[in-house]
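Notes for the one structure printed next.
All chains are named by letter (A, B, ...) in the order of the sequence lines, taking the proteins before the strands, and each is independently numbered beginning at 1.
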There are 2 protein chains.
Amino acid sequence: MRKTKSVDRDLSPEKTAAILDGAIQEFLVKGYAATSMDRVAAAAGVSKATVYSHFQDKEALFTALIQRLACQKELFNSEKLQAIQDDPALVLRAFALEMLDKIQADPHLLTFVRLIIGESSRFPALARAFVQNVEKPSIELLTQYLASRPELRLPDPEVAARAFIGTIVHYVILKDLLHSGDLVPMERDRLLDNLLHLIIRPAS
Amino acid sequence: MRKTKSVDRDLSPEKTAAILDGAIQEFLVKGYAATSMDRVAAAAGVSKATVYSHFQDKEALFTALIQRLACQKELFNSEKLQAIQDDPALVLRAFALEMLDKIQADPHLLTFVRLIIGESSRFPALARAFVQNVEKPSIELLTQYLASRPELRLPDPEVAARAFIGTIVHYVILKDLLHSGDLVPMERDRLLDNLLHLIIRPAS
DNA sequence: GTCTATACCGCGATAGAC
DNA sequence: GTCTATCGCGGTATAGAC
């Protein structure tokens with residue numbers, strides 16, 4: 001009776017990890033509907049029956065996988081913001097560059113976002129987990145920083161934070177997610193420089 | 001020899017329209033992989049063989065459908081911006097409200113964007129068509145307007161336009177697309193008011 | 001606990017009647 | 001030009017050996 005309702009108890013944890021690792025590849029590349037449990041099993045190096053002994057069905061496997069990824073993907077570590085507290089321009093630039101670099105460095109990240117958005121109708125709980133673990137901390141972190149700098153004279157730090165993040169996210173969506181950077185060209189540094197000028201304005 | 005390579009010539013155009021209409025429902029709701037040609041045929045009220053006589057295969061039907069939708073969905077008509085040229089604050093607010101209203105009014109629009117993003121890996125050409133027909137005109141229209149108002153003293157009108165649009169798009173993505181408005185709450189009017197203050201700043 | 005083998009269904013695409 | 005009927009394949013999920 002010590003068992004929880006989780007299916008994973010009393011099953012080899014290494015197989016569970018192998019299945020999840022295999023499932024990452026398949027689901028991220030193919031999407032939910034186009035991913036077959038046969039290919040997941042093959043990618044994990046186990047039989048299909050083993051997959052079904054660790055996870056109730058395809059939907060449960062997908063949900064467990066996305067929940068795990070949503071917890072792993074954190075766009076920002078608050079340490080960097082604490083490090084250079086002096087110049088807001090440097091902090092904001094570092095904030096944006098870290099975001100852009102994380103996307104460049106982790107090729108899974110874009111695919112993950114694509115999957116979250118694409119399946120957000122059929123799996124709204126996963127979309128919410130993504131916002132809770134990735135978007136919300138980013139917004140709150142930047143909001144708190146901006147609010148801690150009264151010399152910026154921002155009437156609403158949270159709106160400023162959303163504008164800053166929203167601008168960069170929209171830029172990434174057009175350029176990388178939708179593969180259309182050439183259709184609406186914009187240099188990264190030009191965007192960052194002038195975006196900073198919108199937030200950090202000269203004292204009036 | 002007057003035939004083009006298009007499959008549609010010499011086939012009843014009304015059936016073609018019926019098939020496309022049926023396909024809209026199925027593809028938008030289920031996504032590409034989970035949509036079956038049987039259901040498309042049923043929704044269109046024709047047989048599956050008829051579908052295949054009008055479109056080469058599933059991929060061709062999907063591509064034709066998305067291309068058509070991408071041309072229909074225009075977020076903005078430039079007339080409204082011309083109408084109230086006086087006060088930039090009114091123009092920008094009208095711009096944002098029209099965008100938000102269009103999303104509220106057309107329930108297909110969000111689903112369409114979800115599909116475009118979700119399939120942007122497997123159908124990059126469709127993602128590019130979406131940017132070309134929907135995003136690009138919006139950015140260019142707002143950029144031109146902002147550039148035509150030198151009294152705003154914007155160092156880079158295009159970056160300002162992207163910040164404005166990006167902020168709103170990001171807001172809609174969190175609230176409506178990802179169903180997470182309650183996780184990161186923000187009143188619409190509060191966002192708009194303070195976003196305007198970032199663009200239209202008091203003369204320094 | 002993990003495997004092989006299989007049941008059962010629905011998929012995309014086509015052949016042939018009319 | 002559109003239909004009905006069907007083919008062949010690959011899907012999810014499970015039963016039973018070990």
Side-chain angles (χ1 to χ4, degrees), chain A residues 2-66 115 118-119 122-123, chain B residues 2-66 115 118-119 122-123:
Chain A
R2 42 168 280 274
K3 272 196 199 174
T4 68
K5 67 176 176 181
S6 169
V7 196
D8 288 335
R9 304 287 158 247
D10 301 339
L11 293 178
S12 88
E14 53 195 2
K15 298 265 180 181
T16 306
I19 293 169
L20 285 172
D21 285 342
I24 290 178
Q25 300 294 329
E26 297 298 320
F27 278 120
L28 286 188
V29 172
K30 295 277 193 172
Y32 177 77
T35 289
S36 76
M37 295 297 264
D38 292 76
R39 296 178 64 97
V40 169
V46 300
S47 76
K48 194 162 53 167
T50 300
V51 175
Y52 277 96
S53 73
H54 285 247
F55 299 94
Q56 192 189 356
D57 54 15
K58 184 181 178 181
E59 208 172 298
L61 171 60
F62 182 67
T63 301
L65 174 69
I66 299 296
L115 191 57
E119 301 296 338
R122 285 167 288 275
F123 298 94
Chain B
R2 41 168 281 275
K3 272 195 199 175
T4 67
K5 68 176 178 182
S6 167
V7 195
D8 288 333
R9 304 289 158 244
D10 300 341
L11 293 177
S12 90
E14 54 195 3
K15 299 263 180 183
T16 306
I19 293 169
L20 284 172
D21 285 342
I24 289 178
Q25 300 293 329
E26 297 298 320
F27 279 120
L28 285 188
V29 172
K30 295 276 192 173
Y32 177 77
T35 289
S36 75
M37 296 296 264
D38 290 77
R39 297 178 64 98
V40 168
V46 300
S47 75
K48 193 161 56 165
T50 301
V51 176
Y52 277 96
S53 73
H54 285 246
F55 298 94
Q56 192 189 356
D57 53 15
K58 185 182 179 181
E59 208 172 296
L61 171 59
F62 182 67
T63 299
L65 174 69
I66 299 297
L115 191 56
E119 301 296 339
R122 285 167 287 277
F123 298 94

Parallel, tilted or perpendicular: ring planes of A:Phe123 versus A:Tyr32, cut at 30 and 60 degrees: perpendicular
B:Leu115 side chain near B:Phe62 side chain, heavy-atom distance below 4.5 Å: yes
Nearest-nucleotide 5' precedence on DNA chain D, A:Asp38 against B:Val51: B:Val51
Report all interatomic pairs (protein N or O, nucleotide N or O of nucleotides 15-18 of chain C) with separations under 3.5 Å.
none

Polar side-chain atom of B:Thr63 near backbone of B:Ala60 as donor-acceptor pair, under 3.5 Å: no
N or O in side chain of A:Ser53 less than 4.0 angstrom from C:dG1 OP1/OP2: no
Nearest-neighbour nucleotide for the A:His54 side chain, C:dT2, D:dT12, D:dT2 considered: C:dT2
Touch class at under 4.0 angstrom, heavy-atom based, for A:Lys15 against every strand present: sugar-phosphate
Distance test, side-chain N/O of A:Tyr52 to OP1/OP2 of D:dT14, below 4.0 Å: no
Taking every non-hydrogen atom, the tightest pair across B:Val51 and B:Leu61: CG1-CD2, 4.2 Å
Between P of C:dT14 and CZ of B:Phe55, the distance in whole Å: 16 Å
For A:Lys58, all residues meeting salt bridge (charged side-chain N to carboxylate O under 4.0 Å, His left out), sequence neighbours excluded: none
Sugar-phosphate only, base, or nothing, as touched by B:Asp57 at under 4.0 Å among non-hydrogen atoms: sugar-phosphate
Length of the NZ-P vector between B:Lys58 and C:dA13, whole Å: 8 Å
Rounded distance (Å) that lies between atom C1' of D:dG1 and atom CD1 of B:Ile19: 11 Å
For the student: nearest non-hydrogen atoms of A:Ala18 and A:Ala44, plus distance: O-CB, 3.3 Å
Other residues, nucleotides, ligands: >12 heavy atoms within 6.0 Å of B:Arg39 CZ: no
Spacing of B:Lys48 atom NZ relative to D:dA5 atom P, expressed in whole Å: 13 Å
Interatomic distance where CD belongs to B:Glu14 and P belongs to D:dG1 [whole Å]: 13 Å
D:dT2 phosphate, OP1 or OP2, under 4.0 Å from B:Thr50 side-chain N/O: no
Touch class at under 4.0 angstrom, heavy-atom based, for B:Ser36 against every strand present: sugar-phosphate
Whole angstrom value for the distance that separates C1' of D:dT12 from CZ of A:Phe27: 12 Å
